[in-house]
J.: 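Take a look at the following structure, please.
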Amino acid sequence: MKKLLLGILCIVTFSKCNNKIYSLDNLPKQYIEIGSFGGIVGLSKTYYLLPNGQRFMKQSTMGASSLENTNEIAKIEPKAFKNICKSLKKMKFTELDLNEKGNMNYLIKYKTKKIDKHVQWSNMDTAPEGLVSVYRDILKNINIAPIN
């Protein structure tokens with residue numbers, strides 16, 4: 001009886017471990033995209049943060065898809081992703097109406113089942129302070145060394 005109970009407990013416990021692995025071709029319903037593009041060379045560098053802790057870095061030269069470089073980078077704790085979401089909510093990210101275009105552009109995209117908000121700006125000095133702060137906080141903790 002104890003063995004049966006232990007077996008059922010193990011099955012239930014392991015069936016709850018649903019660590020789905022994603023790719024850039026198969027993103028979850030919720031993710032954060034953050035990055036920059038433009039400049040003299042037209043370099044685009046984008047990071048994708050997923051709720052399970054996975055992170056991807058996509059780097060390319062604008063207009064040259066053959067030079068695209070995509071890597072999965074070091075994971076973060078799922079709690080860190082939730083904290084980033086809380087920071088975006090606290091600064092009322094979904095209420096921002098900002099879509100500037102310039103020589104160098106910065107972006108944050110927040111996607112969930114119900115929300116698909118994209119904010120883009122070109123000047124760190126004139127952008128909302130909370131937006132720049134969140135942008136810099138996210139990027140300062142990214143280790144770009146590939147894990148694959």
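By convention here, the first residue in the shown sequence is residue 1.
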J.: Does any N or O in the side chain of Q54 come within less than 3.5 Å of the main-chain N or O of Y22, such that one atom is a donor and the other an acceptor?
T.: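 Present.
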
J.: Please lay out, stage by stage, how E33 and L107 fare under the test side-chain contact (heavy atoms from CB on, under 4.5 Å).
T.: CA-CA 8 Å; E33 180 181 340; L107 70 98; 4.1 Å; yes

J.: Identify, with sequence neighbours excluded, every residue that meets side chain to side chain contact (heavy atoms under 4.5 Å, CB included) alongside D25.
T.: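 With neighbours one apart ignored, the set is S23.
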
J.: Go through the steps to decide whether F37 and L43 satisfy the test side-chain contact (heavy atoms from CB on, under 4.5 Å), and finish with yes or no.
T.: CA-CA 6 Å; F37 62 95; L43 183 66; over 6 Å; no

J.: To the nearest 0.5 Å, tell me how far Y110 OH sits from I84 CD1.
T.: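 That separation rounds to 10.5 Å.
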
J.: Taking the side chain as everything from C-beta on, heavy atoms only, tell me whether L131 gets closer than 4.5 Å to M91.
T.: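 The answer is yes, as the side chains (C-beta and beyond) meet within the 4.5 Å cut-off.
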
J.: Looking at every non-hydrogen atom in both residues, tell me the closest pair between W121 and A127 and how far apart they are.
T.: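 For W121 and A127, the tightest heavy-atom pair comes out as CD1-CB, 3.4 Å.
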
J.: For I32, which of V134, L88, L50 qualifies under side-chain contact (heavy atoms from CB on, under 4.5 Å)?
T.: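 Only one option passes, and that is L88.
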
J.: Find out whether D97 and V119 are in side-chain contact, i.e. whether some heavy atom of one side chain is under 4.5 Å from a heavy atom of the other.
T.: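 SC-SC contact between D97 and V119 ruled out.
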
J.: What residues, two or more places apart in sequence or in another chain, satisfy salt bridge (Lys or Arg N to Asp or Glu O under 4.0 Å) together with K140?
T.: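 So K140 forms a salt bridge (Lys or Arg N to Asp or Glu O under 4.0 Å) with D137.
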
J.: Any idea how Y48 and Y31 line up, ring-wise: parallel (<30°), tilted (30 to 60°), or perpendicular (>60°)?
T.: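 Ring orientation, 0 to 90° scale: tilted.
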
J.: Drop me the distance from S36's OG to M104's CE, to the nearest 0.5 angstrom.
T.: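 Between atom OG of S36 and atom CE of M104 there are 3.5 Å.
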
J.: Rounded at 0.5 Å granularity, tell me how far NZ in K82 sits from CD in Q30.
T.: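 Here the rounded value is 9.5 Å.
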
J.: Would you check if the side chain of N52 reaches a backbone N or O of I21 as a donor-acceptor pair within less than 3.5 Å?
T.: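 No, N52 side chain to I21 backbone: no donor-acceptor pair under 3.5 Å.
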
J.: To check you understand the geometry: which heavy-atom pair defines the closest contact between D116 and K109, and what is its length?
T.: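 The pair with the smallest heavy-atom distance is OD1-CE, 3.0 Å.
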
J.: Would you please test S60 and K45 for side-chain contact (heavy atoms from CB on, under 4.5 Å) and show each step?
T.: CA-CA 7 Å; S60 65; K45 187 182 279 189; over 6 Å; no

J.: Can you find a heavy atom in the side chain of K111 that is under 4.5 Å from one in the side chain of I115?
T.: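 Answer no - side chains too far apart.
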
J.: Tell me the closest heavy-atom pair linking P51 and P28, and the distance in Å.
T.: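 Closest pair (atom of P51, atom of P28, distance): CD-CG, 4.0 Å.
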
J.: Can a donor-acceptor pair be found between the side chains of E100 and Q120 at a distance below 3.5 Å?
T.: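 No.
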
J.: Can you tell me how far apart CG (L96) and CD1 (I108) are? Round to the nearest 0.5 Å.
T.: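 These two atoms lie 9.0 Å from each other.
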
J.: Can you name the closest pair of heavy atoms from N69 and N71 and give their distance?
T.: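 Reported closest heavy-atom pair: OD1-ND2, 3.4 Å.
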
J.: Could you walk me through whether Y106 and Y135 pass ring pair (Phe, Tyr, Trp, His ring centres under 6.0 Å), step by step?
T.: CA-CA 9 Å; Y106 308 93; Y135 180 87; 5.7 Å; yes

J.: Would you check, one step at a time, whether the test side-chain contact (heavy atoms from CB on, under 4.5 Å) holds for I73 with Y47?
T.: CA-CA 9 Å; I73 57 177; Y47 301 95; 4.0 Å; yes

J.: Within a 6.0 Å radius of atom NZ on K117, are there more than 12 heavy atoms belonging to other residues, nucleotides or ligands?
T.: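 Yes, enclosed.
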
J.: How long is the straight-line distance from CE of M124 back to OG of S133, given to the nearest 0.5 Å?
T.: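 Between atom OG of S133 and atom CE of M124 there are 10.5 Å.
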
J.: If you round to the nearest 0.5 Å, how far is OG of S122 from CG of L98?
T.: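 Result: 8.0 Å between the selected atoms.
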
